[in-house]
Number of protein chains: 2
Amino acid sequence: MNILEKITQNKASFSKSERKVADVILANPQTAIHSSIATLAKMSDVSEPTVNRFCRRLDTKGFPDFKLHLAQSLANGTPYVNRHVDENDGPEDYTNKIFESTMASLEVARQSVDVQVVNRVVDLLTQAQKISFFGLGASASVAHDALNKFFRFNVPVVYFEDILMQRMSCMNCSTGDVVVLISHTGRTKSLVEIAQIARMNDATVVGITSADSPLSHECTYVLSLEVPEDTDMYMPMASRIAQLTLIDVLATGFTLRRGNKFRENLKRVKDTLRGSRYEKRNE
Amino acid sequence: MNILEKITQNKASFSKSERKVADVILANPQTAIHSSIATLAKMSDVSEPTVNRFCRRLDTKGFPDFKLHLAQSLANGTPYVNRHVDENDGPEDYTNKIFESTMASLEVARQSVDVQVVNRVVDLLTQAQKISFFGLGASASVAHDALNKFFRFNVPVVYFEDILMQRMSCMNCSTGDVVVLISHTGRTKSLVEIAQIARMNDATVVGITSADSPLSHECTYVLSLEVPEDTDMYMPMASRIAQLTLIDVLATGFTLRRGNKFRENLKRVKDTLRGSRYEKRNE
DNA sequence: AGAAAAATGTAATTTTTTGACATTTTTTAT
DNA sequence: ATAAAAAATGTCAAAAAATTACATTTTTCT
């Protein structure tokens with residue numbers, strides 16, 4: 001496992017001094033791999049053997065071995081880690097941290113996706129009479145994005161931001177209709193109600209939400225994404241990105257299922273936009 | 001560059017003893033990174049300083065530094081790459097490919113972001129009288145998302161999907177207003193026009209778009225993202241995700257600039273939502 | 001062949017890491 | 001609240017590792 005993640009995870013189990021070391025390393029891992037144990041000890045305001053003990057606690061043979069592991073974690077291609085933004089971060093720091101955390105979350109999300117369910121949902125979508133995408137707050141823009149994607153497929157697709165419109169739309173559902181509900185927490189009351197209404201009217205309800213949430217219990221199929229959210233920011237960030245990527249997956253599955261002639265159709269849709277754009281000079 | 005490749009490439013220019021070292025390392029790099037210079041010298045049947053000189057010839061600071069580079073080369077398990085979806089891909093294949101491509105694109109985007117500009121734009125946003133986010137098509141949902149984020153900051157923020165509303169809104173701009181325009185290609189005519197209108201009315205225009213596009217030339221600041229888009233799908237996918245992440249970066253920069261009391265405010269906004277949600281049992 | 005240059009090795013030096021043990025801090029039980 | 005035990009941390013010395021300076025060997029070129 002990635003040693004940076006391991007440090008973050010085990011941070012709680014560290015002693016006070018070890019945590020000082022952990023903080024210094026996490027704050028600037030690049031510097032850490034190029035420092036000697038003495039330098040790192042001084043930076044952490046800790047004695048050298050403490051740094052050594054810290055390394056051993058992470059199941060490495062010693063400091064040099066630890067640096068090797070750290071270097072591997074930092075090498076590109078290795079999964080990214082959720083590093084939290086710090087008050088004193090400059091633009092470079094927080095930019096990189098946000099990008100890296102997003103990538104790390106996507107990796108976690110990827111591993112938590114149940115491809116069986118993806119497959120069944122794609123099946124469902126390709127056979128749907130009508131597809132609705134609903135979300136509220138931060139998930140509204142995800143639903144909005146799904147509309148944009150599925151609209152190109154020439155399928156009857158519906159999206160509303162307004163709760164009442166969402167409810168009315170679900171009241172008019174019937175067999176063969178698919179309602180996709182998007183919510184990170186799965187605890188938004190009105191969305192849970194909408195799930196109930198849709199099911200009462202024989203629609204199939206797909207939830208893109210967290211497992212074992214009130215919303216998930218009302219859904220026919222649940223596509224759950226276990227994405228760690230940085231709660232310090234009080235804003236949903238990574239969860240939306242994961243949801244969007246899942247929408248991309250569904251859209252891709254949809255086009256694959258429909259086959260080649262359908263791809264042609266997509267190309268035509270795209271070409272239609274040409275009139276609204278400035279031509280690219282050399283293509 | 002990958003140091004293993006470098007060894008292979010420069011092998012010709014090595015001396016006899018250095019080549020012995022190279023061979024031993026190439027034959028078993030995993031062993032090499034866990035050996036001391038003495039062990040490696042013995043394995044190569046060469047003296048210790050020779051190994052050291054070998055390391056320096058590869059532009060490393062010395063043996064330990066060389067091991068670090070080697071470790072990084074070896075870490076490259078599977079760098080995320082943009083693997084294109086194939087007609088015969090099953091659900092597991094395309095799910096993984098989409099997630100991986102998205103991560104790969106984010107990495108590319110991260111490297112292409114100009115943090116200087118990020119910093120200036122954050123400055124601008126924190127001082128803005130009014131912030132507008134406009135995008136069309138796939139980028140509309142990105143603007144939508146930006147609205148959701150910045151709305152929490154208690155800043156006057158505007159978002160319209162309708163071109164005419166966007167134009168009217170820009171007509172009413174004045175000094176101190178910031179208009180953020182989002183477009184992957186930067187070739188959408190009406191967005192370019194909106195940029196012109198906004199600037200004529202003394203607003204500062206920030207473009208989240210590709211460098212050197214018609215739109216970028218009309219912007220005061222350009223946050224360019226070089227994201228490779230899988231054109232086979234005829235749908236924007238990775239570009240949106242990169243744009244969203246950039247919005248996250250801006251939002252994060254914004255909150256950091258505003259300081260701690262402001263974070264408290266965000267928490268209050270979030271807490272307000274509580275009434276609309278089912279409580280979590282154990283927290 | 002023989003001088004000059006390059007390569008390599010030897011041995012000492014320096015740097016770095018680790019281990020043993022003392023001291024301090026924290027926890028636990030009374 | 002206090003003493004004993006346990007855990008954590010630091011000091012200092014020993015060991016290991018890496019590097020330097022310099023001697024020796026090998027190669028190259030005239």
Side-chain angles (χ1 to χ4, degrees), chain A residues 3 6-74, chain B residues 3 6-74:
Chain A
I3 198 136
K6 202 168 179 178
I7 296 174
T8 318
Q9 257 177 32
N10 296 27
K11 208 166 158 186
S13 76
F14 290 157
S15 72
K16 211 190 325 167
S17 304
E18 283 169 344
R19 212 163 307 145
K20 283 198 233 171
V21 181
D23 286 335
V24 171
I25 291 170
L26 289 177
N28 210 335
Q30 279 296 345
T31 310
I33 59 170
H34 293 112
S35 310
S36 72
I37 197 166
T39 316
L40 198 60
K42 197 165 283 172
M43 284 200 286
S44 317
D45 191 30
V46 146
S47 76
E48 296 173 27
T50 301
V51 176
N52 200 289
R53 285 186 280 255
F54 167 83
C55 298
R56 299 237 168 102
R57 194 169 298 272
L58 290 155
D59 303 317
T60 62
K61 259 207 82 192
F63 185 69
D65 189 40
F66 169 79
K67 283 209 286 192
L68 248 42
H69 281 266
L70 195 58
Q72 298 205 326
S73 298
L74 260 41
Chain B
I3 198 134
K6 201 168 179 178
I7 296 174
T8 320
Q9 257 177 33
N10 297 28
K11 208 166 159 185
S13 75
F14 290 156
S15 72
K16 212 194 319 172
S17 304
E18 282 170 345
R19 212 163 306 145
K20 282 198 236 170
V21 181
D23 286 336
V24 170
I25 291 171
L26 289 175
N28 210 335
Q30 277 296 345
T31 311
I33 59 170
H34 292 114
S35 309
S36 72
I37 196 167
T39 317
L40 197 61
K42 197 165 282 172
M43 283 199 289
S44 316
D45 191 29
V46 147
S47 76
E48 297 175 28
T50 301
V51 177
N52 198 290
R53 284 187 281 257
F54 167 83
C55 297
R56 299 233 168 107
R57 195 170 297 273
L58 290 155
D59 303 317
T60 64
K61 256 209 84 189
F63 185 68
D65 189 41
F66 169 78
K67 282 209 289 190
L68 247 42
H69 281 267
L70 195 58
Q72 298 206 328
S73 300
L74 261 42

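Order of the sequence lines sets the chain letters (A, B, ...), proteins ahead of strands, with each chain counted from 1.
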Inset, instruction - Would you classify A/Pro49 as touching base, sugar-phosphate or nothing, given that sugar-phosphate means primed atoms plus P, OP1 and OP2, and contacts are heavy atoms under 4.0 Å? - result: base
Inset, instruction - Tell me which of A/Arg53 and A/Ser36 sits closer to the 5' end of DNA chain C, going by the nucleotide each one is nearest to. - result: A/Ser36
Legend entry - Donor-acceptor under 3.5 Å (A/Lys67 side chain, A/Ser36 main chain): no
Inset, instruction - Between D/dC12, D/dT9, D/dT19, spot the one nearest the side chain of A/Glu18, thanks. - result: D/dT9
Inset, instruction - Looking only at side-chain atoms of B/Thr50, point me to the closest of C/dT17, C/dT8, D/dA18. - result: C/dT8
Legend entry - Euclidean distance, atom NZ of residue A/Lys16 to atom C1' of C/dT26 [Å, nearest integer]: 9 Å
Inset, instruction - Would you tell me if any nitrogen or oxygen in the side chain of B/Lys61 comes within less than 4.0 Å of OP1 or OP2 on D/dA18? - result: no
Legend entry - Test log, rule side chain to side chain contact (heavy atoms under 4.5 Å, CB included), inputs B/Thr50 and B/Arg53: CA-CA 5 Å; B/Thr50 301; B/Arg53 284 187 281 257; 3.7 Å; yes
Inset, instruction - Grab the CD1-C1' distance between B/Ile33 and D/dA18 for me, whole Å please. - result: 18 Å
Legend entry - Distance in angstrom units between B/Phe54 CZ and D/dT19 P, rounded: 14 Å
Legend entry - pair B/Ile33-A/Gln72: side-chain heavy atoms closer than 4.5 Å: yes
Legend entry - B/Asp65 CG to D/dA17 P, straight-line distance once rounded to whole Å: 19 Å
Legend entry - Which nucleotide in C/dT18, D/dA18, D/dG10 has an atom nearest any side-chain atom of A/Val46: D/dG10
Legend entry - Nucleotide D/dT9, atom C1' - distance to CZ of A/Arg19 in whole Å: 15 Å
Inset, instruction - With side chain to side chain contact (heavy atoms under 4.5 Å, CB included) as the test, would you mind laying out the steps for B/Phe66 and B/Ile25 before giving the verdict? - result: CA-CA 11 Å; B/Phe66 169 78; B/Ile25 291 171; 3.6 Å; yes
Legend entry - Rounded interatomic separation in angstrom, taking CG from B/Leu40 and C1' from D/dA17: 13 Å
Legend entry - Test log, rule side chain to side chain contact (heavy atoms under 4.5 Å, CB included), inputs B/His34 and A/Asp65: CA-CA 8 Å; B/His34 292 114; A/Asp65 189 40; 3.7 Å; yes
Inset, instruction - Looking only at side-chain atoms of B/Ile37, point me to the closest of D/dA18, D/dA8, C/dT8. - result: D/dA18
Inset, instruction - Output the single nucleotide from D/dT19, C/dT17, D/dT9 whose closest atom is nearest the side chain of B/Arg56. - result: D/dT19
Legend entry - Phosphate OP1/OP2 of C/dT18: any A/Asn52 side-chain N/O under 4.0 Å: yes
Legend entry - Along DNA chain D (nearest heavy atom to each residue), the more 5'-positioned of B/Ser35 and A/Glu48: A/Glu48
Inset, instruction - For A/Phe63 and C/dT18, give me the distance from atom CZ to atom P, rounded to whole Å. - result: 9 Å
Legend entry - Closest to the B/Ser47 side chain, choosing from C/dA7, C/dG9, D/dA18: C/dG9
Legend entry - Between C/dT17 (C1') and A/Leu68 (CG): distance, integer Å: 15 Å
